[in-house]
Amino acid sequence: MSLGFSEILLILLAIVILFGLGKLPRAMGDIGKGIRAFKGGLQGLEQESTEKDTPPKTVSKPADPVA
């Protein structure tokens, strides 16, 4: 199901009525910040899952010289 021009226009008109023209830029900015925070959280989860999948690195000590 695709949206036609009249449906998109009606949705935009409803958004303008709900938020008003003065608050619309601020509302869009807040939505953008929320999306960026959500993406950042997803990237953090991906990094955590890859860290759990990789085995821990072991540090080998040099052998003590036998004298």
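Quick note: residue numbers are just sequence positions, from 1. What you see is a predicted model; the values in this text were computed from it and never measured. Just so it is clear, the values below take in all heavy atoms, side chains as well, and ignore hydrogens, waters and symmetry mates.
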- Item | Cluster overlap Leu10 with Ile17, hydrophobic side-chain contacts below 4.5 Å | no

- Query: Would Ile31 and Met28 count as a side chain to side chain contact (heavy atoms under 4.5 Å, CB included) if you check the C-alpha gap in whole Å, the side-chain angles of each, and the deciding distance to 0.1 Å?
  - Reply: CA-CA 5 Å; Ile31 290 172; Met28 292 299 120; 4.0 Å; yes

- Message: Check for me, please, whether Ile11 and Phe5 land in the same ILVMFWY cluster - side-chain distances under 4.5 Å, paths through other members count.
- Response: no

- Kindly say whether Gly4 contributes a backbone atom to a donor-acceptor pair with the side chain of Glu7 at under 3.5 angstrom? yes

- Task: Check whether Leu24 and Leu13 end up in the same hydrophobic cluster, where Ile, Leu, Val, Met, Phe, Trp and Tyr are linked by side-chain heavy atoms less than 4.5 Å apart.
- Result: no

- Message: To the nearest 0.5 Å, what is the distance between CG on Leu9 and CG on Leu3?
- Response: 12.0 Å

